[in-house]
Amino acid sequence: MSGTATKSPDAHAHQGFLRTYIFSLDHKMIGKQFLILGLTMLLLGGGLALLIRWQLAYPEKPLPLIGASEQFVTTGDPDSTSSWDRTWTEWLSKEEKEQNWLTRNVPQGVITPAFYNSLFTMHATIMIFFVVMPILVGCFGNFLIPLMIGTRDMAFPVLNMLSFWIAVIAGIIMIAGFFVPGGHAAAGWTSYTPLSSDPQWTGVDWGQNLWCISLIILGISSLMGSINYITTIINMRAPGMTLFRMPLAIWSLFIVAILLLLALPVLTAALAMLLFDRMAGTHFFAPSGGGEPLLWQHLFWFFGHPEVYILILPGMGIASEILAVFSRKPIFGYKAMVWAMVAIAFLGWIVWGHHMFQSGMNPALGTTFMVSTMLIAVPSAIKTFNWLGTLWGGNIRFTTPMLHALAFVSMFVIGGLSGIYMASTPVDIFIHDTYYIVAHIHYVVFGGSVFAIFGGIVFWFPKMFGRMMNEKLNKIHFWLTFLAFNGTFFPMHILGVGGHMRRIYNPLQYEFLKDLQPINIFISICAFVLGFTQLLFLFNMLYSIKRGKKAEDNPWQANTLEWMAIYPIPHGNFAALPTVYRGPYEYSSPEVEEDWLPQTKKLAASAHGNGHHG
Amino acid sequence: MTAEIFDADIARGEDLARKKSFGQGPPPFFAEPPFDPGDRGEGSNTPVGNVFLAMLLFIGADVMFFAGLIGAFVVFRFGAIDWPPFGQPRLPIAVTGLNTLILLVSGVTMLQTWRHLDDWKRRRIANGLNLTALLGVIFLLVQGYEWAKLIRFGLTMQSSVYGAIFYTLIGCHALHVFGAVIWLLVVLMQLQRNQFNAKKHNSIKLAGMYWFLVVALWPVLYGLVYLR
């Protein structure tokens, strides 16, 4: 859409600051808002992870920077030269009511067991619900859907704005949980009952309540978002944009929106029951009152397993875009890719029991769940081999987004394969609740989703902010992240097979884990490198928004519609709505000289059609 | 020549942007036809308008919410040795059966109202909506009366899981009916203020769709929870 028509129907150009940046109705701004929300929460969630790693590598040692001296912690005698020792002595000498947040959670800089429980609970909760979902679904969904299908905005812009601000409210409530008496939720992100349903077990009162309330509110936000996405994709595609001409990223977001729409209400029902158990004196999940603790696990995982695919499917879509663009080849087996995603989404509904092999569920049921889970390997393998087929013989450009996409594919394979291991009941009985599962989930959600997030941000940065990110810093960030990521999470497989339980406070309390402690220290050092490397990415983003090289309209020579919109993209996106003539991945087509062939380019002789692009 | 076509497109685009947020039928089809004659160009061909599609999706989500609660109910009921548990009151089957009829009749009146929408018989529509809302209120009052009796007989949220799931499941449905009645009243108010006409009455249809949801859910709940 360059050349003849650069002015767009820009009815919203003169809105004030508040309507442009805060309560914006523009899907692109809402997408960026979700990105900011997600990255802010990423800092918090990452910080929690580093605290966990400190405790596991150096159990009950004072934290660096704010901790007291080791002498003070071990002997109780403050070191008179240390100013933190004096501060801690002063804080700890006060009445318990007058003590501050630090003395309650990290007295002398040592993480307490109760605080440790909140740490791993909230690390997972924040990363899943407030980082990966807002960025992958909220940011990319909002930013890409209208641009890539060629429409002017979401079907319901107001609903879209509300969806973001409701997510912010949920985030504030979630963070508030850290500061209520009793501390934040501490029963794991899965909040298994009866541990979570009665304050007497964890000592957590309002923390868990706020956790439930926040997730119910976030569910409303996601409901609004998914209704918006599905309606937009079904009803508002540009002329010629048939379903099977949609980019795979849009397909993945479409499928994810359906999963969200149908899975989250079940979680809402379960959360409401948990909240009643905690606040209205019911006994849904308490055996003492005739309740059924396993019911929570069934309801939670009925939502929770589709949720896992909600986290990975958009990553698959984004990786598919990037791989095709930088291999300069059509995606291998486009329709198979679509149907594989549909199959994964469908199978995702009938596998939840594989989280519960150890729960006392009927073993015959376990076998069914084992078989259905292993079936998921089939569509996943179709996707993986199609990605390889896309790369095969391609004219590969090793840009940073491409590196992230390649990392996505390879890490997803490792995470996927360990998934098949654990789907098998006999193996799962051995490695259940060990660090093996921690390694698995991080290979899928960090190695998969987060690499896709980085790749997607770098890839679409030129359309979001009109500038290129600094390639050199990006490469450094990628390689450090990739190495530190594998250094962090690969050894966890070994820990897991060695019997290291997840969620334990101090591994040194167990005789058989003492030999494994050097691995824990190695993992933690890698984790610190991994954590601080992300600051480099944030710096690069902020720097490039202001000072980056100005981007061309189509810097990667891509085909899809978003590259036909001209930066700064006005509210309304396109001068005239584009017409789509072909699928999204016509790279290296023999029909044209260049090695890309935009979806909007009309090839047959027609003066009017050719006017659409310069 | 080209510029004129673009100007026309832009004008139509603005027009679309203005009204797209409220599903006045499918978005207009403009610019060129798709390249291949075989392509339908789905952007042009939307059988269900935006707001109706969104409402259908919301109903789908709501059904899943009830599916979660009904799943819990099924686990408790069929896992229990005694249902209702010893010492807990039985539910009023006959009165609630009558109440079920009332709600079903309200579904019929809503359907009648819906039929008059397209030929816009304003008075009949207003009467139909009034009658539907009235039947909904009667349903809620009977429910409330029965609940008050049940509480006096000792069935509470705390007394047993039986009571807890009963009040949660039936209470959620009652809240839905309450919300639907409020929505009908809002629509009625708008109708009285002449905010609707023969062409523009999507809000009434949306409220109707929601009403059909709460009516359709009830027989399922009645059969599961009350009948044994």
Side-chain angles (χ1 to χ4, degrees), chain A residues 4-5 8-9 11 150 152-153 155-158 223 226-228 230-231 234-243 261-270 272-273 276 280-284 289-292 295 298-299 302 572 574-582 602 604 607-609 611, chain B residues 1-3 5-6 9-11 13-14 16-18 20-21 23 26-27 29-36 39-44 46 48-51 53-54 57-58 60-69 71-72 75-76 79-80 85 156-158 160-165 167-168 172:
Chain A
T4 43
S8 322
R152 301 196 183 278
D153 202 332
F156 308 103
V158 175
L223 179 70
S226 52
I227 287 178
N228 224 337
I230 300 172
T231 311
I234 290 183
N235 270 2
M236 298 178 70
R237 278 164 289 132
M241 178 64 88
T242 58
L243 279 177
L261 183 82
L262 300 180
L264 269 174
V266 180
L267 178 71
T268 308
M273 289 163 75
F276 282 150
T282 58
H283 302 282
F284 286 122
E292 176 59 84
L295 176 64
H298 278 295
L299 289 175
F302 185 77
F574 299 97
L577 279 193
T579 304
V580 174
Y581 296 98
R582 62 184 63 75
K602 191 170 186 178
H608 168 205
Chain B
M1 174 63 195
T2 318
I5 291 171
F6 273 122
D9 275 1
I10 289 167
E14 281 176 325
L16 167 69
R18 235 171 274 123
K20 74 175 177 259
S21 289
F29 176 57
F30 47 85
E32 302 156 287
F35 186 59
D36 300 320
D39 287 342
R40 289 191 299 116
E42 270 114 327
S44 64
T46 52
V48 185
N50 282 357
V51 281
L53 185 58
L57 294 170
F58 175 72
D62 223 8
V63 167
M64 284 308 283
F65 175 75
F66 276 98
L69 291 178
V75 166
F76 289 130
T156 63
M157 289 280 271
Q158 294 86 16
S160 62
V161 172
Y162 169 66
I165 192 71
Y167 286 114
T168 308
C172 272

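Computed from a predicted structure; not experimentally measured. Letters A, B, ... are given to chains in the order of the sequence lines, protein chains preceding strands, and every chain is numbered from 1.
- In this structure, chain B has a heavy atom under 4.5 Å from the side chain of A/L223, while its backbone stays farther away.
- Using a 4.5 Å cut-off between heavy atoms, B/F76 contacts chain A through its side chain alone, with no backbone atom that close.
- Between the side chain of A/N235 and the backbone N or O of B/V48 there is at least one donor-acceptor pair closer than 3.5 Å.
- Among A/T282, A/L267, A/T231, the residue with the largest count of heavy-atom pairs under 4.5 Å with chain B is A/T231.
- In this structure, chain A has no heavy atom under 4.5 Å from any part of B/A67.
- Heavy-atom distances place the side chain of A/L299, and not its backbone, under 4.5 Å from chain B.
- At a threshold of 4.5 Å between non-hydrogen side-chain atoms, the residues A/M236 and B/N50 count as touching.
- The residue among A/G291, A/A280, A/G281, A/P265 with the most heavy atom pairs within less than 4.5 Å of chain B is A/P265.
- Here the CE atom belonging to A/M273 is positioned 6.5 Å from the CG atom belonging to B/L69, to the nearest 0.5 angstrom.
- Expressed to the nearest 0.5 Å, how far CZ of B/F65 lies from CG of A/L262 amounts to 14.5 Å.
- Nearest heavy-atom pair across A/H283 and B/Q158 is CD2-O, 4.0 Å.
- For chain B, the nearby part of A/L295 is the side chain; its heavy atoms alone come within less than 4.5 Å.
- In this structure the side chain of A/F284 reaches within 4.5 angstrom of the side chain of B/T168, judged on heavy atoms.
- Here the CG atom belonging to B/L57 is positioned 4.5 Å from the CD1 atom belonging to A/I230, to the nearest 0.5 angstrom.
- A/I227 approaches B/A54 most closely through the heavy-atom pair CG2-CB, 3.5 Å.
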